[in-house]
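Indexing begins at 1, ligand by ligand and atom by atom, following the structure's order.
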Amino acid sequence: MYDGSMTVTDVRVELEAAVAELPAALRDHVLRVVTEARRLAHQHGVDEDRAVIAALGHDLYRAHVEGKLLAEAEVAGLSVSSEERSHPILLHGPLGALDMAGRFGIADEEVLAAARYHTNARAGMGVLEKLIFVADKIEPEKARAVPAFVEARAVADQDLDSALRLILEHQITRALDRGWPLHPDTVAARNELLEG
Ligand SMILES: [Fe+2]
Ligand SMILES: [Fe+2]
């Protein structure tokens, strides 16, 4: 899972230290996502360490200002879509995943993908990716204001795909209501769930 120089515990301790440096509200959100991810991992047969590490890393770049996100994406050689250029916050997942690989030596592709795709989802997500996507939305503070997230929270322990579908459909409906463009990955993830 890691580059060999660090154990899982080392990585976790270093990520916890990085999370502790985040602005307080973001740090607290991340710690609530860790709690959700740990429980969902237990419920859905996912290795707890992998879920906790993905949860700890998923928002490492969430507090960066838009100019920094764009500049770092440029430095990292990420291909930036037109949507990401107009909404650079969309880059925080991909940049966080790069940081997890670079700074923390994480080589577990599904852990990195869970961070990379936690905002918009995508078709073909593995269980750990789904779990982090869902945990990020159903943590109690974020769920409080969104009925679809409360509903997702109620079913996530038993049925992760149903929780995922509720959240994706909320995101799609919200985008339509507000006149935002639909993200093709979100639509693809939702359509895949319809196919069963
Ligand atoms: Fe995020
Ligand atoms: Fe988050």
Side-chain angles (χ1 to χ4, degrees), residues 12 15-41 46 48 50-70 72-73 76 78 80-81 83-104 106 110-122 125-146 148-150 152-153 156 160 163-164 166-168 170-172 174-175 178 180-183 185-186 189:
R12 192 159 151 172
L15 273 171
E16 282 168 351
V19 167
E21 298 292 313
L22 296 173
L26 179 59
R27 175 201 65 204
D28 292 349
H29 159 70
V30 169
L31 296 178
R32 288 190 297 271
V33 175
V34 169
T35 301
E36 298 298 311
R38 185 180 276 128
R39 190 190 68 252
L40 291 175
V46 169
E48 185 181 311
R50 297 174 77 217
V52 168
I53 283 169
L56 283 169
H58 86 281
D59 269 345
L60 286 174
Y61 270 64
R62 182 64 182 81
H64 288 347
V65 296
E66 297 194 330
K68 184 170 161 89
L69 289 167
L70 280 170
E72 292 231 4
L78 281 184
V80 177
S81 68
E83 201 193 351
E84 287 164 341
R85 197 160 294 284
S86 46
H87 303 283
I89 198 61
L90 293 171
L91 292 165
H92 82 274
L95 285 170
L98 283 177
D99 197 32
M100 289 167 78
R103 186 153 56 117
F104 301 95
I106 297 168
E110 208 190 344
V111 167
L112 298 176
R116 189 175 299 129
Y117 298 106
H118 81 267
T119 305
N120 290 317
R122 62 165 177 165
M125 289 195 290
V127 181
L128 177 58
E129 285 180 69
K130 292 178 179 178
L131 187 156
I132 294 299
F133 180 87
V134 170
D136 179 46
K137 315 302 176 297
I138 68 167
E139 63 90 347
E141 283 301 308
K142 198 186 271 191
R144 217 151 44 108
V146 185
F149 293 176
V150 174
R153 185 163 219 278
L160 193 59
L164 178 62
L166 284 161
I167 295 166
L168 293 169
H170 164 77
Q171 292 191 177
I172 290 166
R174 184 186 54 176
R178 298 187 182 180
W180 297 343
L182 291 178
H183 197 290
D185 285 348
T186 309

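- Under 4.0 Å is where a charged nitrogen must lie from a carboxylate oxygen, and between E141 and R32 no such pair does.
- To the nearest 0.5 angstrom, E83 atom CD is 10.5 Å from L91 atom CG.
- Scored by the side chain to side chain contact (heavy atoms under 4.5 Å, CB included) test, T186 finds N120, L168, Q171, I172, H183 as partners (sequence neighbours excluded).
- Shown are the protein N/O/S atoms under 2.8 Å from the Fe ion (ligand 2), given by residue and atom: H29 NE2, H58 NE2, D59 OD2, D136 OD1.
- With R122 contributing its side chain and D185 its backbone, the two residues share no donor-acceptor pair below 3.5 Å.
- Proximity of E36 to P140: side-chain heavy atoms (C-beta onward) are separated by under 4.5 Å at one or more points.
- H29 places a side-chain heavy atom less than 4.5 Å from the side chain of H58.
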